[in-house]
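Have a look at the structure below, then the notes.
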Amino acid sequence: MKKLLFVPILLLFICCNKEKSEKAQTPKTPVKDDHSFSKPANAVVTHLDLDIKVSFDSSSISGKASWQIDNISKGNEIIFDENTLEIQKVTLGDDDTPTTFRLGEAVEFHGRPLYIKIAPNTTRVNIYYNTTKDAIALQWLKPEQTADKKKPFLFSQGESIWSRTWIPCQDSPSIRFTYNAKVTVPSDLMAVMSAENPQQKNNTGVYNFKQTKAIPSYLMAIAVGDLAFQQIDSRTGVYAEPSVVKKAAAEFGALGNMVNAAEKLFGPYRWGRYDVLVLPPSFPYGGMENPNLTFLTPGVIAGDRSLTSLLAHELGHSWSGNLVTNATWDDIWLNEGFTTYVEHRIGEAIFGEKEAKMQDVLSRKLLADNMAEYGPNNPDTRLRVNTTDRNPDDGLSDIPYEKGYAFLQTVEQAVGREKFDNFLKSWFDDHAFQSVTTKTFTDYLNDNLIKGDKVLEQKINAWVWIYKPDIPDNVTVPVSEDFLAIDVIQKNWRTTGVKGLAGKIKSTNEKQHFIDYLPNDLTISEMQAIDEEFNFTKGGNFVIKRQWFVQAIKHQYKAAYPDIESFMVATSRTGSLLTLYKEMIKTPEGKAWAKSIFAKAKAGYHLTTVEAVGNLLK
């Protein structure tokens, strides 16, 4: 088995209703990452002490990033990543000895290398800096952009290579470090981070944080706002604005049960607490798995817990992604494919087998839709992609999630669930707090599961799944009896009418399946009849509205247009917005409408969303 490449850290505690020490890892060199200027084989960071002040007046963060380093080569230089930062000065050691630094040439998406002169015995580098308004990672919201509309809000989004826009760092998922932080904010606001967090606001505006587990830079996260906290159980809870927190806590009432279910499946939860922060609507994703504190879209609050599978996904990252991390962004499927598998298994344990089967069918349809959009020979339909000289975000679609999940299902079916569960537990245990490559996984698969069995190797066909485009022939085909019943309804409702269908098609999954397979020649009068029966335009949850609005745009159901526009202005979830904008631009009238909506909405969109939609509309 190939030796694993990671940064050392003394792993302190795992939380499983008892404390247990982790073994110290052996120092190794992180892998080469084309998306970082750093050269960790020469000099690498191991711990960050961050001391920053958050200013809403200037929309900036200022302060000092003090890095403990390992000068492996005993050379005279260490390289950091920065993008749009203002570097004021750099010093060395606890006594702030002045040193020199220089910035290299800028590279699109990647920013510039920050070269700092050090000595062979240097162990600490202190970088004094300010962020600027061009920091892609930081979203500054005015009070009117928040739920309570009273106070401003700040949140960060570091994945993939945007942490370097708010902290000078070695911004690669292969480089892991622990951190402490002192954050000063306006005294009427509260700060939280991807670390151990306070549970109530203080009157000083100064908050201290500690992350004792080694994480990569993209998992550095901060949020500042008028926040309240409500506990769910002894190790889970919700942060949100005061008007949202009770509703969110009720929606996520099963969160503790999800953590317990995940532990039974995949081993102990090693991060202490698992809390959730509900963000304002401009958050560009459904969720972000920041350690200890998942950042979550408010769109998941449906009132009936029907969309909480998203929580299962973000929780799953506590094993696949945060505990065992892709070493480069070409290996993103190791994060997202594994986590989608974990998400579905948690969902099955919490919500039952019937729900799991429906989710599987929806998952496979999403994969098929993405494959149709990309084309079967597109290299971005491989599991291990190539993002060299590209924005690594360009390699992130639904394919690493859904194709990765389908591949792991294939392995499970080939060896049996019990054997595969044991394999996954061992994978997470043996690579805990490490960043790994696809080759690390395939070597481990061969050594610990296939074990030279040529028949099993051909049955799984891992090389084709991982390194070839399209969907392999041995993909599993899920079946849901509930969806089959809806398929029968779908064939007959034009004859029998839609009256009474809402009593037969009840759950979010069932409604989505019904909407997704409506006839291509649907008439306006039929759209109106369906809408009157189900109240999709006005009453659907986030997912139902999105899927229904695709049909409304496709069939020019103009009664829904005002609600479509309101929906697209109110959210910044990039994937959902692109789904609607892509449908709009299929006609000249739709493209003009799309540009009109974008002009109104982009001030409230996250910068990554603005970039993605802007490129689509060019």
Side-chain angles (χ1 to χ4, degrees), residues 1-4 6 11 14-18 20-23 25 257-271 312-313 315-326 331 333-353 356-357 359-360 363 383 403-463 465-466 474-476 478:
M1 183 173 67
K2 179 182 176 183
K3 291 185 178 180
L4 302 171
F6 60 96
L11 308 176
I14 58 175
C15 181
C16 184
N17 296 322
K18 62 180 181 178
K20 181 180 178 181
S21 62
E22 298 276 2
K23 293 182 179 179
Q25 302 289 345
N257 293 337
M258 286 185 177
V259 179
N260 295 336
E263 285 190 316
K264 289 179 182 178
L265 289 167
F266 304 114
Y269 177 78
R270 308 188 192 209
W271 300 90
H313 183 90
L315 169 63
H317 274 300
S318 299
W319 286 262
S320 50
N322 299 2
L323 185 66
V324 183
T325 308
N326 51 231
D331 303 299
W333 79 276
L334 292 175
N335 276 22
E336 300 301 350
F338 273 72
T339 298
T340 304
Y341 179 87
V342 171
E343 166 201 343
H344 281 257
R345 292 294 305 279
I346 295 172
E348 181 178 338
I350 296 294
F351 302 113
E353 188 176 351
K357 288 181 176 180
Q359 289 285 353
D360 277 355
S363 172
L383 281 180
K403 185 177 178 181
Y405 172 51
F407 167 57
L408 294 177
Q409 274 192 311
T410 300
V411 180
E412 178 199 319
Q413 290 212 352
V415 301
R417 175 165 283 191
E418 182 178 357
K419 191 172 184 178
F420 189 56
D421 282 354
N422 291 332
F423 170 79
L424 282 183
K425 282 183 183 178
S426 297
W427 167 254
F428 293 137
D429 284 341
D430 292 346
H431 302 89
F433 301 103
Q434 298 176 28
S435 299
V436 298
T437 64
T438 296
K439 188 176 187 305
T440 305
F441 171 74
T442 55
D443 286 349
Y444 193 83
L445 179 73
N446 288 330
D447 291 346
N448 294 277
L449 200 60
I450 296 176
K451 298 179 180 179
D453 185 334
K454 294 299 182 182
V455 174
L456 179 59
E457 181 179 9
Q458 292 177 1
K459 190 175 183 180
I460 293 173
N461 210 10
W463 190 90
W465 272 98
I466 294 169
N474 64 333
V475 64
T476 60

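- Smallest separation of non-hydrogen atoms from Gly316 and Thr339: C-CG2, 3.9 Å.
- Residues Phe441 and Phe338 bring their aromatic ring centres within 6.0 Å.
- When every heavy atom of Leu315 is checked against every heavy atom of Val259, the shortest pair comes out as CD2-N, 3.6 Å.
- Summarising the geometry, atom CZ belonging to Phe423 is positioned 15.5 Å from atom CD belonging to Glu418; distances are rounded to the nearest 0.5 Å.
- For Tyr341 and Phe420, the gap between ring centers is short of 6.0 Å.
- Within the 4.5 Å cutoff, the side chain of Val324 has no heavy atoms near those of the Trp319 side chain.
- Contact of the Asp360 side chain with the Gln409 side chain is registered, since non-hydrogen atoms from C-beta on lie closer than 4.5 Å.
- The line from CG of Asn257 to CD1 of Ile350 is 5.0 Å long, rounded to the nearest 0.5 Å.
- Using a 4.5 Å heavy-atom cutoff, the side chains of Val415 and Leu456 are in contact.
- Heavy-atom minimum distance, Leu383 versus Gly404: CD2-N, 3.4 Å.
- Listed by first and then second residue, the side chain to side chain donor-acceptor pair (under 3.5 Å) pairs involving residues 451-461 amount to none (not counting sequence neighbours).
- Residues satisfying the ring pair (Phe, Tyr, Trp, His ring centres under 6.0 Å) criterion with Phe407, sequence neighbours excluded, are Trp333, Trp465.
- Taking every heavy atom of both residues into account, Leu449 and Val411 meet most closely at CD2-CG1, 3.6 Å.
- In this structure, the side chains of Thr340 and His313 come closer than 4.5 Å at one or more pairs of heavy atoms.
- Two residues are said to be in side-chain contact when any heavy atoms from C-beta on lie closer than 4.5 Å; His431 and Thr440 meet this criterion.
- Here the closest non-hydrogen pair linking Ile346 and Ala262 is CD1-CB, 3.7 Å.
- Between His344 and Ser363 the shortest side-chain heavy-atom distance falls below 4.5 Å.
- At least one donor-acceptor pair closer than 3.5 Å links the side chain of Trp271 to the backbone N or O of Ser318.
- Side chain to side chain, His317 and Glu336 meet the donor-acceptor criterion of an N or O pair below 3.5 Å.
- In terms of heavy atoms, Ala432 sits closest to Arg270 at CB-NH1, 3.7 Å.
- Checked for salt-bridge contact, Arg345 and Glu353 miss the test: no charged N lies under 4.0 Å from a carboxylate O.
- Under a 4.0 Å N-O distance rule, the pair Lys439/Asp443 qualifies as a salt bridge.
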